[in-house]
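Structure first, then comments.
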Amino acid sequence: MGGSPLIQSLPGASKPTNASHSNPEQMEPLERYRPIIDDFDAFLAACERPLGNAVRVNTIKATVERTLAALEREGIGYEQADWNSRVLDLETDSPGSTWTSFHGFTHGQEEVSAVPPVVLDPEPGERVWDCCAAPGGKATQIAALMDDRGTVVANDNNLGRISALRFNAERLGATSLAVTNADARNYSLERFEFDEFDRTLVDAPCSCEGTIRKNPDALDNWSEGHISSVAGIQKGIIRRAIQATREGGTVVYSTCTFAPEENEAIVQHALDTESCRVVDFDLALEHSPGLTAWEDDEFDSSLEKAARIYPHQNDTGGFFVAKLEVTA
Amino acid sequence: MADGNDGQRFDRLPATEADRTVDGRATRAEVIDLFADRFGIPPRIFDDYTFWEKGAGKIWIYGGDAPSPIEIEAIGMTCLRTRQEHWKPTTDFVQRFGTHATDCVIELDREQARRFASGEDQDLERWDGDWGYLIAAHEVAGQREPIGVGLYVHGELRSMVPKGRQRDLES
Ligand SMILES: C[S@@+](CC[C@H](N)C(=O)[O-])C[C@H]1O[C@@H](n2cnc3c(N)ncnc32)[C@H](O)[C@@H]1O
């Protein structure tokens, strides 16, 4: 990985780079990451800046070329992400009220949120489980990466969020999605004819620290107690995900938080309890390696293969992504 | 349930009338014929898809694997409303598959398209094709793009774009 930010940023164009929208006290919980983040002041400064309007091109409905032509006709400026030509930053305050959005050519989705499906790398015709799928940004991206051919089981335990998922899936024209409403921790495959998936995405519920640029109040209810209770859920979900995936298959674990208790510690738990190993992946976005130690805990050295994406590295939100191969 | 249609359950449509076990249920052949006869969508477009019914008359189109019946929240996308005199395609289906249509497609200019997407009904005298459900389309970057389903009667085009999908857009 090179050290230079791979996303071009136009000074003063689409991303208001100077305006700060949250006050420094709100950032207090992030102080615990000072020892693990290079250039911590740049990190904090980035966390205080709002994000631009990112959308993903939905190739189920239109090619990237056609989408760009449609945006041009609408007079909407855009910038394409260097690492992924399907991710655009739009120069509009209402990316949901454009013709391209109405036609389902684009879907509002944060730039880093487009990373896990790319790392999952599903192929047309496969069976894929998105076990925490609502409101469906990543599930529909998975369907698009499969040319909408195959089976994408999009599950969530929250019925209210499932209605948003269904709305998005229909608008984006995803015909390969089957939507279920269950707890991923004891998910039963009995309802289908098959008994394992080729790939599974665990985009886990988390403390959402990395969404601070989008939701300035993301850290308002922050507590270590909350982190440890959500970590318990994450452990249950990742284990079931590995069990439901075939030998040689892939499980991607992701969160939009920085807390190692919800990231490396969860993958470590999977390594300790299930048959799997952490594998490498290419990611053309600047990032830092996963941690091998945090406070009193040590993690397997393979956790360095995971990626921590910090807001100051590419002017995005924060994310953690690990790729696992199921070994039995 | 008495009519064999359970609201939580999806049943795969029978291939033809000979395979039908539930009264009033549409068949796959009828659905594909409707899309071909009315809109000119070639039947082969649907070769890799299955059709499902949930509740009485709501038809879904799906490209993945699933046994029938199956109790889940959604299977693919809704495509058609049957069990009424005129079968009505959904806006999202028309956006997804309407690019293959050759018949009963009404092309709107910028201002008409804007009105249609916002859910407005409008007088349109110039249509001399069939009355009933049409695919409303407009030109996007050099190609025709379906917007949604309209109902054409008595010189008026009624937008069938559902409330939650309506948007106020620039023309
Ligand atoms: C980070 S969000 C997923 C975002 C989604 N992947 C997307 O890209 O749009 C986490 C989701 O996990 C769901 N969730 C929480 N606990 C769960 C559980 N035990 N089983 C299944 N889903 C769960 C939440 O309802 C929430 O929608």
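Only this structure's heavy atoms are used, side chains among them; waters, hydrogens and symmetry mates stay out. Lettering of chains follows the sequences in order, A, B, ..., and the numbering in each one begins at 1. Predicted model, so just to flag it, every value in this text is computed and none were measured.
Between B:V140 and A:A70 the shortest heavy-atom distance is CG1-CB, 3.6 Å. Closest heavy-atom contact between B:W60 and A:E170: CZ3-OE2, 4.0 Å. The shortest heavy-atom contact between A:F167 and B:G164 is CZ-O, 3.5 Å. Across every non-hydrogen atom of B:A113 and A:W99, the tightest pair is O-CH2, 3.4 Å. The two atoms that bring B:Q95 and A:R171 nearest to each other are OE1-O, 4.3 Å, heavy atoms only. Of all heavy-atom pairs spanning A:A178 and B:Y62, the tightest one is CB-OH, 3.7 Å.
A:L159 touches chain B through its side chain: at least one heavy atom from C-beta onward sits under 4.5 Å away, while N, CA, C and O do not. Neither the backbone nor the side chain of B:T91 comes within contact range of chain A, judged by heavy atoms closer than 4.5 Å. For A:T100, no part lies near chain B; criterion is any non-hydrogen pair under 4.5 Å.
Contact of the A:L177 side chain with the B:M77 side chain is not registered, since no non-hydrogen atoms from C-beta on lie closer than 4.5 Å. Side-chain contact between A:T175 and B:Y49 is present, with at least one heavy-atom pair separated by less than 4.5 Å. Looking only at side-chain heavy atoms (C-beta outward), B:R96 and A:I60 come within less than 4.5 Å of each other.
For B:E156, the CD atom is densely surrounded, since the number of other residues' heavy atoms within 6.0 Å is greater than 12. The number of heavy-atom neighbours closer than 6.0 Å to CD of B:Q84, taken from other residues, nucleotides and ligands shown, is above 12. For B:D109, the CG atom sits in a packed shell: over 12 heavy atoms of surrounding residues, nucleotides or ligands are nearer than 6.0 Å. No more than 12 heavy-atom neighbours from other residues, nucleotides or ligands sit within 6.0 angstrom of CZ on B:R12.
The distance from atom CG of A:N181 to atom CD of B:E73, rounded to the nearest 0.5 Å, is 5.0 Å. Rounded to the nearest 0.5 angstrom, A:S176 OG and B:D48 CG are separated by 12.0 Å. Separation of atoms CG (B:L169) and OG (A:S101) is listed at 8.0 Å; rounding is to 0.5 Å.
Contacts with chain A were tallied for B:A74, B:G64, B:G142; B:A74 has the most, counting heavy-atom pairs under 4.5 Å. For chain B, the option among A:R149, A:E72, A:R127, A:E74 with the highest count of heavy-atom pairs below 4.5 Å is A:R127. Of all the listed residues (B:I75, B:I61, B:T78, B:I70), the one sharing the greatest number of non-hydrogen pairs under 4.5 Å with chain A is B:T78. Comparing B:G148, B:G63, B:P67, B:G76 by how many heavy-atom pairs each has under 4.5 Å with chain A, the most go to B:P67.
For A:R66 and B:E145, the salt-bridge test passes: some basic side-chain N is under 4.0 Å from an acidic carboxylate O. Taking 4.0 Å as the cut-off between side-chain N and carboxylate O, A:R166 and B:D92 do not count as a salt-bridged pair.
The backbone N or O of B:D65 lies less than 3.5 Å from no partner atom in the side chain of A:E193, so there is not a single donor-acceptor pair. Side chain of B:R165 to backbone of A:F102: a donor-acceptor contact under 3.5 angstrom is found.
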